[in-house]
Number of protein chains: 2
Amino acid sequence: MKLTTKGRYAVMALADLANFNKANPVPLRDISFRQGISLFYLEQIFLKLKKHNIVRSIRGSGGGYILFKNADELKLSEIFFAVDEKVKTINCNKDSKKGCNGKLSKCITHNLWDELDLHINSFFENKKLSELTKTQNKKL
Amino acid sequence: MKLTTKGRYAVMALADLANFNKANPVPLRDISFRQGISLFYLEQIFLKLKKHNIVRSIRGSGGGYILFKNADELKLSEIFFAVDEKVKTINCNKDSKKGCNGKLSKCITHNLWDELDLHINSFFENKKLSELTKTQNKKL
DNA sequence: TATATACCCGAGTAAAATAGTCAAGATTAA
DNA sequence: TTAATCTTGACTATTTTACTCGGGTATATA
Ligand code: FES
Ligand code: FES
């Protein structure tokens with residue numbers, strides 16, 4: 001059970017963005033440099049973030065990205081959803097009546113994983129991007 | 001962020017075991033059949049469970065496995081530990097002062113993932129195997 | 001208008017992790 | 001003895017991840 005780099009980097013990059021977003025758009029090159037993430041990889045990630053209205057882009061010289069919402073309104077769950085980082089603890093098709101491994105009914109552990117799923121997702125649901133930048137600012 | 005089959009199957013198999021463990025050892029063939037898990041794969045999993053004293057084995061005809069502890073004393077975290085299903089949300093070496101991506105200090109998101117780690121692990125720490133068999137028994 | 005700085009987008013690929021298989025052996029009950 | 005069962009280490013196919021790359025398009029500014 002681990003996080004993919006896509007989810008991790010998305011949050012990392014957005015936290016960076018939130019910190020430098022005061023007025024001007026932030027180019028990916030800066031984020032890449034500051035966070036040590038490949039520029040090409042960031043491009044891929046930000047394309048998704050843009051499609052899901054997490055960020056807004058400004059093209060051309062002097063361009064870059066800015067947050068679409070305020071950092072204190074942006075939930076981690078939204079970010080994860082945008083980059084396809086999803087929690088998947090159950091094995092079966094949740095909507096179907098059938099269980100995993102082709103069984104006719106749900107398996108013994110189905111409810112457990114369902115509960116776990118809920119437990120984990122509630123973390124992402126309750127966490128805002130701004131909670132990251134605040135601890136960052138405290139240090140300054 | 002998903003569960004591996006090893007962790008999932010281990011819990012599934014042990015829940016099955018707990019249900020049929022009344023007096024006699026349960027052979028893997030039965031578990032394999034009931035839960036629809038490859039026998040070979042189960043063998044691999046139970047070897048680990050045995051090494052970590054989750055189950056006890058009885059060889060030979062009429063043999064099989066029995067739980068080492070009572071199901072209400074066996075935490076999911078112990079099971080997961082035994083089969084190497086570990087939660088890994090941070091990217092860096094937790095003990096080192098260095099951060100991920102070769103940075104000299106911990107990254108912006110480090111504390112967040114650490115918190116997440118704790119959040120998830122507390123679920124496994126508080127959940128007992130018996131909580132699975134109980135819901136199962138209710139159905140009967 | 002030329003140029004440099006950005007974002008845009010689809011494809012491709014290498015490495016790692018996962019999931020599962022297999023063969024040969026050792027024990028023990030019946 | 002024989003069949004059932006655990007024991008062990010090695011092996012392999014598949015899938016997923018984590019990138020990389022090439023060739024665009026838009027725009028500020030000199
Ligand atoms: S996880 Fe849903 S049936 Fe097994
Ligand atoms: S996760 Fe620990 S430094 Fe980034």
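Every chain is numbered from 1, with letters handed out A, B, ... down the list of sequences.
- Residue B:Thr4 places its side chain closer to C:dA19 than to any other of C:dA19, D:dT5, C:dA6.
- For B:Thr5 and C:dA19, the shortest distance from a side-chain N or O to OP1 or OP2 is below 4.0 Å.
- A donor N or O paired with an acceptor N or O is found under 3.5 Å between the base of C:dT21 and the side-chain atoms of B:Gln44.
- Phosphate contact (OP1/OP2 of D:dT5, side-chain N/O of B:Arg29, threshold under 4.0 Å): present.
- Along DNA chain C, the nucleotide closest to A:Met1 and the one closest to A:Leu47 are compared, and the more 5′ of them pairs with A:Leu47.
- Under the 3.5 Å distance criterion, with hydrogens and angles disregarded, a donor-acceptor pair is assigned to the side chains of B:Tyr41 and B:Thr5.
- The distance from atom CZ of A:Arg8 to atom C1' of D:dA18 is 11 Å, rounded to the nearest whole Å.
- In terms of position on DNA chain C, the residue among A:Tyr65 and B:Gly62 whose nearest nucleotide sits closer to the 5' end is A:Tyr65.
- Ion pairing of B:Glu73 with B:Lys128 is absent here, as no side-chain N (NZ or NE/NH1/NH2) approaches a carboxylate O to less than 4.0 Å.
- Side-chain atoms of B:Arg59 and base atoms of C:dA26 include a donor and an acceptor less than 3.5 Å apart.
- Distance from the side chain of A:Tyr41 is smallest for D:dT20 among the nucleotides C:dG20, D:dT20, C:dT18.
- Contact check, B:Lys50 against D:dT7: a side-chain N or O comes under 4.0 Å of OP1 or OP2.
- Considering only side-chain N and O atoms, B:Ser61 lies nowhere under 4.0 angstrom from the phosphate OP1 or OP2 of C:dT27.
- Contact check, A:Tyr9 against D:dT17: no side-chain N or O comes under 4.0 Å of OP1 or OP2.
- Taking side-chain N and O atoms only, B:Ser57 has a distance below 4.0 Å to OP1 or OP2 of D:dT7.
- For the 3.5 Å distance criterion, the side chains of B:Gln35 and A:Lys103 fail to qualify, holding no donor opposite an acceptor.
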